[in-house]
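Just so we're clear, the structure is a prediction, and the values are computed from it rather than from any experiment. For ligands, and for the atoms within them, numbers begin at 1 and follow the listed sequence.
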Amino acid sequence: MTQQNRQWRLRARPDAVAKESDFELHSEPMPVPEDGQFLARTRLLSFEPAMRGWMEDRPNYIPPVGLGDVMRGIAVSEVVESRVEGYAPGDLVTGMTGWQEFSVGGAGTRRLDPGTDPKAILSVLGLTGMTAYFGLLEVGAAKEGDTVVVSGAAGATGSVVGQIARVKGCRVVGIAGGPEKCRWLTEEARFDAAIDYKNEDIGERLSALCPEGIDVFFDNVGGAALDAALARIARGARVVICGAVERYSMSELPPGPANYINLMIQRARMEGFVVLDHAARFGEATAALEGWVKSGDLVWQVDIQKGFENVPKTLLRLYTGANQGKQLLEV
Ligand code: NAP
């Protein structure tokens with residue numbers, strides 16, 4: 001019997017919270033590499049909160065995934081057969097190969113250097129780390145002495161943002177869900193303070209912890225956290241819109257933040273960004289992040305689920321906060 005390639009395809013567009021039934025498991029014959037191609041087996045899949053946006057048919061920074069198409073996703077895969085120079089069985093490669101067990105690739109696919117940790121490539125040394133680096137230092141222009149507040153702080157991106165800010169001499173406050181995530185932030189990631197938004201009033205705590213106001217608010221969440229931060233920005237503050245995970249489970253877009261007028265009063269700016277626009281400088285960010293990991297200044301966490309059958313379930317963990325660090329799955 002021909003070996004099969006299992007795939008998770010998009011069956012329905014989410015109307016509010018994404019559901020397992022928005023995806024269907026499909027099986028088709030394994031692809032056969034042609035001259036100039038290699039066949040690779042997916043080893044490790046990466047999950048991004050933005051995937052909920054990719055499932056929707058509305059304007060975004062990349063086109064929506066088509067109904068019936070293999071769900072888009074970044075992975076590390078292992079070459080199992082090669083008909084292209086420069087790639088040999090056993091090599092690890094990475095790219096946007098989607099939710100499937102096998103894929104074909106060709107010259108130009110990124111090959112990992114031997115000894116590279118695939119988990120790091122999909123998190124702290126991958127797009128997650130790049131997002132934190134450029135969002136905080138370029139868009140947020142964080143500098144020594146600033147008070148930096150991060151929402152989604154215990155997540156993959158937020159935790160790196162806060163630690164870079166600490167290394168740069170900022171005072172760092174993180175907002176995260178639950179006592180364990182807040183403990184991790186202050187004890188292991190060495191944030192100055194953490195606010196447990198599930199059990200504490202964000203506004204009251206921000207007022208107490210940032211009496212001089214917030215210089216940089218790095219927002220992964222939107223909604224109540226954004227509004228509370230806007231009410232407390234300092235003169236010349238930078239509000240960085242990285243993501244809005246709170247809205248990823250809503251069918252209707254919520255009204256904008258009530259406190260936006262503070263941007264005018266405080267001569268502040270609010271700016272969104274897409275990490276891919278900084279690709280030309282990824283080398284610089286990688287070198288800096290590698291250095292901080294090596295020196296122990298930057299700790300990182302991954303949350304690894306297992307089994308191809310659990311792929312849709314694993315995505316949903318991001319929207320309930322079940323993940324503790326970068327969400328990955330070993331296929
Ligand atoms: P992550 O933070 O590791 O995981 C998502 C976290 O969001 C969850 O662990 C949960 O943490 C929090 N969350 C979920 N639902 C929430 C809600 N209703 N209210 C408040 N918090 C909620 O994921 P990530 O990959 O690092 O992504 C973080 C953000 O960065 C996302 O908004 C993503 O879209 C954005 N991003 C942007 C770019 C860019 O180029 N702009 C690139 C990559 C990622 P708690 O347990 O603390 O609630």
Side-chain angles (χ1 to χ4, degrees), residues 16-18 45-56 60-62 72-74 96 119 122-124 126-136 138-140 149-164 173-185 189 191 194-200 202 217-229 239-250 254 270-279 281-282 285 300-305 314-329:
V17 187
L45 274 171
S46 170
F47 293 82
E48 336 298 328
M51 285 172 155
R52 164 69 175 68
W54 304 347
M55 295 163 68
E56 287 179 307
N60 207 328
Y61 60 94
I62 39 173
R72 181 185 292 139
I74 307 170
M96 223 18 132
K119 298 190 290 303
L122 293 181
S123 58
V124 65
L127 283 181
T128 299
M130 303 298 120
T131 303
Y133 184 93
F134 291 105
L136 179 71
E138 286 295 310
V139 188
V149 176
V150 189
S151 64
T157 308
S159 61
V160 178
V161 170
Q163 293 179 83
I164 298 176
V173 176
I175 305 173
E180 171 48 27
K181 287 189 178 184
C182 288
R183 184 206 64 76
W184 185 84
L185 283 176
F191 281 44
I195 300 173
D196 174 359
Y197 77 89
K198 290 188 174 164
N199 295 295
E200 297 180 297
I202 302 177
F217 180 57
F218 191 104
D219 192 22
N220 290 309
V221 168
L226 173 59
D227 212 27
V239 176
V240 181
I241 304 299
C242 176
V245 69
E246 188 187 279
R247 92 126 195 99
Y248 298 166
S249 300
M250 297 173 177
M270 178 150 97
E271 185 176 338
F273 74 103
V274 171
V275 64
L276 302 175
D277 297 343
H278 298 268
R281 288 177 55 203
F282 279 0
W300 51 288
Q301 281 187 306
V302 288
D303 181 318
I304 303 192
Q305 301 294 302
T314 299
L315 173 64
L316 305 189
R317 293 171 62 79
L318 293 171
Y319 309 113
T320 60
N323 64 308
Q324 190 79 36
K326 178 71 196 181
Q327 186 66 68
L328 303 175
L329 177 137

Should one rank [options] by closest heavy-atom distance to [atom], which comes out on top?
atom	options	result
atom 35 (C) of ligand 1	G325, C242, G272, G53	C242
atom 21 (N) of ligand 1	Y197, Y61, F273	Y197
atom 4 (O) of ligand 1	D303, N323, V161, N220	N323
atom 14 (C) of ligand 1	T128, L318, T320, V221	L318

[X]-ligand 1 polar pair, N/O distance under 3.5 Å:
X	value
I175	no
G177	yes
E48	no
F47	no
E246	no

Considering non-hydrogen atoms of the protein only, which is the closest contact for [atom], and what is the distance?
atom	answer
atom 24 (P) of ligand 1	T157 OG1, 3.6 Å
atom 13 (N) of ligand 1	V245 CG1, 3.5 Å
atom 2 (O) of ligand 1	G155 CA, 3.3 Å
atom 11 (O) of ligand 1	K181 NZ, 3.6 Å
atom 3 (O) of ligand 1	A156 N, 2.8 Å
atom 40 (O) of ligand 1	V275 N, 2.8 Å
atom 23 (O) of ligand 1	P49 CG, 3.3 Å
atom 43 (C) of ligand 1	T131 OG1, 3.6 Å

### Query
Less than 4.5 Å apart, any side-chain heavy atom of C182 and any of F191?
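No; the side chains remain at least 4.5 Å from each other.
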
Margin query: Which heavy atom of A50 sits nearest to which heavy atom of Y61, and what is that distance?
Written below: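 For A50 versus Y61, the nearest heavy atoms are CB-OH, 3.6 Å.
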
Practice task
Search all heavy atoms of A153 against all heavy atoms of G174 and return the closest pair with its distance.
Solution key: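 Distance-wise, the nearest heavy atoms are CB-CA, 3.5 Å.
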
Residue [X] vicinity, atoms of ligand 1 by number, heavy atom under 4.0 Å:
X	answer
G321	8 (C), 9 (O), 10 (C), 46 (O)
G243	32 (O)
A244	32 (O)
A176	47 (O)
V274	40 (O)

Could a heavy atom of A154 be found less than 4.0 Å from some atom of ligand 1?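 Not so, A154 does not reach ligand 1.
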
Worksheet item: Do the ring planes of H278 and F134 sit parallel (below 30°), tilted (30 to 60°) or perpendicular (above 60°)?
Response: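 Ring orientation of H278 relative to F134: parallel.
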
Q: Give a yes or no answer on whether the side chain of S159 reaches the backbone of A154 with a donor-acceptor pair at less than 3.5 Å.
A: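 Not confirmed, S159 side chain does not pair with A154 backbone.
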
Next on the checklist: With a 3.5 Å distance limit and no angle check, can you tell me whether K119 reaches the backbone of I304 through a side-chain donor-acceptor pair?
Outcome noted: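 Here the side-chain-to-backbone pair does not exist.
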
- Q301 and D303 side chains, donor-acceptor separation under 3.5 Å: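 The answer is no; no qualifying pair exists.
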
